Amino acid sequence: MTDITLSLPDGSERTLPAGATGADLALDIGPGLAKAALLVSVDGTEQDLSDSLLDGASVSIITADSDEGLYAIRHSTAHVLAQAVLDMWPGATYAIGPPIEHGFYYDFMLPGGETFSPEDLEAIDSRMREIIELDQSFERHETDAAGAMELFADHPYKREIIAKVSAGEAGVELSGEAGASGVLSYYRNGDGFVDLCMGPHVPSTGRLGHFALQKVAGAYWRGDESQPMLQRIYGTAWASKKELSGHLHRLVEAEKRDHRRLAVELDLVSWPESLGPGLAVWHPRGALVRKLIEDYSRERHETGGYDFVFSPHIAKSVLWETSGHLDFYADGMYPPMEMDGATYYPKPMNCPFHVTVFDSGQRSYRDLPVRYFELGAVYRYELSGAIHGLMRSRGFTQDDSHIFCTREQVPGELASLLEFTLSVLRAFGFDDFQAKLSTRPDEKSVGEDDLWEMATDGLRNALETAGLSYVVDEGGGAFYGPKIDVDVTDAIGRPWQLSTIQLDFTLPERFGLEYVGSDGGRHRPVMIHRALMGSIERFFGVLLEHFAGAFPTWLAPEQVRVLPVAAEHQEYAESILASLEERGFRSLVVAADEPLGKRVRAGKVAKVPHILVVGDDDVANGTVGENKRGADSPERDLPLADFLARLDDEVDSRT
RNA sequence: GCCCGAGUAGCUCAGUUGGUCAGAGCAGGCGCCUUGUAAGCGUCAGGUCGUCGGUUCGAAUCCGACCUCGGGCUCCA
């Protein structure tokens, strides 16, 4: 047998005996690497370490430091989960168990439709740790469709997968040649447990262990409501104990930012049970912040070339027939109301109303572009299980705009629109954006191909002009046109989809909109739908989580709290308050009925950005003591004028 | 909508195998304290234990239905 020569990532070459595996290679490079090795990448494809390497291949050893390594850990942990469950529930069958962001899941069907309880999770966890302790190896085997069908004779979901894969219907893109060649792979563990799996896996169960089972949930087979409901177990898995505990800690931190919790704690919003699912009332402090957000939005639109319009909450069915909503969006609409022999629907969108405003008179090309803006409340019938605080509700207020322009104006409008969008979002402290371009859906869409193409190109150009990074979601567009969605990343790295810009050639068509061109002829305008914050309610919720309740000074419902040290300083405190209010700062004096420490704490808990403490020295010198939110220690003897100047700067710069 | 879980004072929660189990802290009212930077002391009031029905001598506790809330239902062997 001759030796084989392999190229390594650093450009060097290494020679090993023929038949050498990835594990041999890792050991040859060094014992440390051998210990850390999980997979081997061969010519860009991840494989098991036990696979023999071919002469001339370009290889690299994959450890938990890479996404691929971490994915293998999660995938293999899911495999152990299935092993434990099938071991503990005779007659149970399993479906799929992929790695996901931060972890993994596995879907099962228990005998007799039994379900998992939280106590079961503990028992499964223990069984998994036993399997890991045994350090069973993951052995890869290959077979053909018939062999696989026999092997998984008792497991209908696996058989369905086998049928699909062997028919080349699924998995081809992702599994590459495995699906296309008709070869099916499965893995067998030390104790005989077998799972259909394209791999690769870590070498043995002993390489796992830093995991936690998190929750049980129902999940439809293939995500399809008409399919059976499977029992899904979610877990998280990491390369080290430290990373696992770090992740669990981050989950706790995220929970602390939950807008539903903060909204109640900070007395902003509440959800009285008597109102119904997803319906909130805004308390004075919450309403104040919301008003500030809306005021800012109106101000920007006013200076941004928009005209304000208003529209009713309901309209007769003919409007929704003309718009196409009843054909394409009926599932998302509230049920109709019968009145005086006519049928009315609550509006799921504002666009048809804005169209009717445009259509109320004759338009000239000299009028275009026309930009209508409305903070318009819309009602959408969301599934009850989808409702979530302010983030997802059945009624919300869009910062909605519809722009009517000529085809020639489209590129310029889109470019300036995107710039406007980003500028408004930046004012609220977001500066990390990710865009998505969604193209024509396969079904349920209207309009001619060339219109879709032109619309899509217009959006793409706007993205490129703005220099925004974006991904393409093929088939993700609305029924009436392609769109751009803009996500922001919040303070703890979570993405939130806020803005949407959608081109629409069909609504002007449906409503027969026209303008008179310079040639004296009649032309059809192009329509652009867009929302920046999307839903004001949801945007408020996102801000609340982003800032963890500590709104920047310009948005804080209470900007300054003045605390007299003792009753004798009350008068001075009130004079400070007068100075603040004179300048429009939202302020409060809390009298010395309670100890200072307690009042400071109350101010901190309420997340007031500035707490002023005033005592004898301040009365004598016209100063204040400032205890600023987030500062390490208070600052004494600050001249009032200096503090006011700082406050002005802070509000002006929106920090 | 479907699966799992939860629902005790305004908030956070305790309540062992059904039998003084209707409690605590915070918040709130009142009084004392007059305070220099994250909880001073005392006292009072607050709940049909989500709702309705059932089992039982007896239910916050067990069973059923409903309501509301939470998690999940696109991540493809």
Side-chain angles (χ1 to χ4, degrees), chain A residues 75 78-79 82 94-101 103-105 107 113 115-118 120-121 148 152 155 157-162 164-166 170-171 173-175 178-179 184-187 195-199 214-234 255 258 260-261 264-265 267 270-278 331 381-389 473 476 563-570 591-605 611-618 625-628 631 633-636:
Chain A
H75 186 189
H79 192 103
Y94 50 170
I96 59 168
I100 54 175
E101 196 180 9
F104 58 91
Y105 68 79
D107 288 346
T115 55
F116 292 113
S117 70
D120 290 336
L121 285 192
F152 295 96
H155 298 288
Y157 299 109
K158 295 293 182 191
R159 288 168 63 93
E160 234 181 89
I161 294 161
I162 294 163
K164 284 222 169 196
V165 172
S166 55
E173 278 174 32
L174 291 153
S175 63
L184 288 141
S185 57
Y186 63 91
Y187 280 75
D195 193 4
L196 182 72
C197 182
M198 64 183 176
Q214 294 171 300
K215 55 203 167 198
V216 181
Y220 297 104
W221 169 233
R222 297 192 178 283
D224 182 346
E225 284 183 47
S226 66
Q227 297 279 2
M229 172 75 67
L230 304 174
Q231 289 286 303
R232 176 172 296 179
I233 295 177
Y234 279 94
E255 204 174 310
D258 190 315
R260 293 160 303 185
R261 177 198 190 93
V264 171
E265 280 176 8
D267 194 20
S270 65
W271 290 265
E273 218 172 277
S274 54
L275 303 196
D331 289 349
Y381 185 75
E382 299 285 355
L383 291 180
S384 63
I387 290 169
H388 179 89
D473 178 12
L563 308 179
V565 170
E568 67 218 58
H569 309 119
Q570 178 73 15
D593 296 330
E594 298 279 4
L596 182 61
K598 184 166 184 172
R599 286 177 289 145
V600 168
R601 178 170 195 277
K604 294 288 186 185
V605 168
I611 296 169
L612 298 186
V613 172
V614 292
D616 288 340
D617 298 349
D618 301 298
E626 184 195 9
N627 191 327
K628 192 174 175 177
S633 57
E635 183 178 352
R636 291 282 297 271

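A, B, ... follow the sequence lines: proteins, then strands. Residue 1 opens every chain. If you're wondering where the values come from, they're calculated on a predicted model, not measured in any experiment.
Using a 4.0 Å heavy-atom criterion, one finds that A:D593 contacts the bases of the nucleic acid, with or without backbone contacts as well. Here A:G625 lies in heavy-atom contact (under 4.0 Å) with a base. Heavy atoms of A:G103 sit nowhere under 4.0 angstrom from any nucleic acid atom. A:R260 comes within 4.0 angstrom of the backbone, heavy atoms only, and of no base. Residue A:I387 is in sugar-phosphate contact alone, with no base atom involved, counting any heavy-atom pair closer than 4.0 Å across all strands shown. Within 4.0 Å (heavy atoms only), A:P634 reaches at least one base atom of the nucleic acid. If you check every strand for non-hydrogen atoms under 4.0 Å, A:S384 touches a base. Residue-level contact check: A:Q214 touches neither bases nor backbone, having no heavy atom under 4.0 Å from any strand. Using a 4.0 Å heavy-atom distance criterion, A:G385 is classed as a base contact. Using a 4.0 Å heavy-atom distance criterion, A:K215 is classed as a sugar-phosphate-only contact.
Whole-Å rounding puts the A:W271 CH2 to B:rC67 C1' distance at 19 Å. In this structure, A:R261 places its CZ atom 19 Å from P of B:rG10, rounding to the nearest Å. Distance, A:L275 CG to B:rC67 P: 17 Å, rounded to whole Å.
The C1' atoms of B:rA6 and B:rU61 are separated by 15 Å, rounded to the nearest whole Å. Using P as the reference atom, B:rC75 and B:rU16 are 41 Å apart when rounded to the nearest Å. Atom C1' of B:rA38 sits at a distance of 45 Å from the matching atom of B:rG19, rounded to the whole Å. Between B:rG23 and B:rG15, the two P atoms lie 16 Å apart (nearest whole Å).
Considering only the side chain of A:T115, B:rC4 comes nearest among B:rU37, B:rU34, B:rC4. Comparing B:rC76, B:rG71, B:rG36 against the side chain of A:D616 picks out B:rG36 as the nearest. The side chain of A:E273 lies closest to B:rU68 when the candidates are B:rC73, B:rG36, B:rU68. Side-chain proximity of A:V605 to the nucleotides B:rA38, B:rU68, B:rG40 is greatest for B:rA38. Comparing B:rU35, B:rC76, B:rC73 against the side chain of A:I96 picks out B:rC76 as the nearest.
Within the 4.0 Å cut-off from OP1 or OP2 of B:rG36, not a single side-chain nitrogen or oxygen of A:K598 is found. For B:rC76, neither phosphate oxygen OP1 nor OP2 lies less than 4.0 angstrom from any side-chain nitrogen or oxygen of A:Y105. Checking the phosphate oxygens (OP1, OP2) of B:rU34, no side-chain nitrogen or oxygen of A:H569 falls inside 4.0 Å.
For A:Y220 and B:rG72, a side-chain-to-base donor-acceptor distance below 3.5 Å is absent, hydrogens and geometry of angles not being considered. Under 3.5 Å, the side chain of A:D618 and the base of B:rG36 form at least one donor-acceptor pair of N or O atoms.
With values rounded to the nearest 0.5 angstrom, A:K628 atom NZ is found 12.0 Å from A:L612 atom CG.
Mapping A:V614 and A:E101 onto RNA chain B via the closest heavy atom, the residue that lands nearer the 5' end is A:V614. Along RNA chain B, the nucleotide nearest A:I611 and the nucleotide nearest A:P595 are compared for position; the residue whose nucleotide lies closer to the 5' end is A:I611.
Ring orientation note: the planes of A:F152 and A:Y94 are tilted relative to one another, at an angle of 30° to 60°.
Remark: side-chain polar atoms of A:D618 are paired, donor with acceptor, to backbone N or O of A:G615 under 3.5 angstrom.
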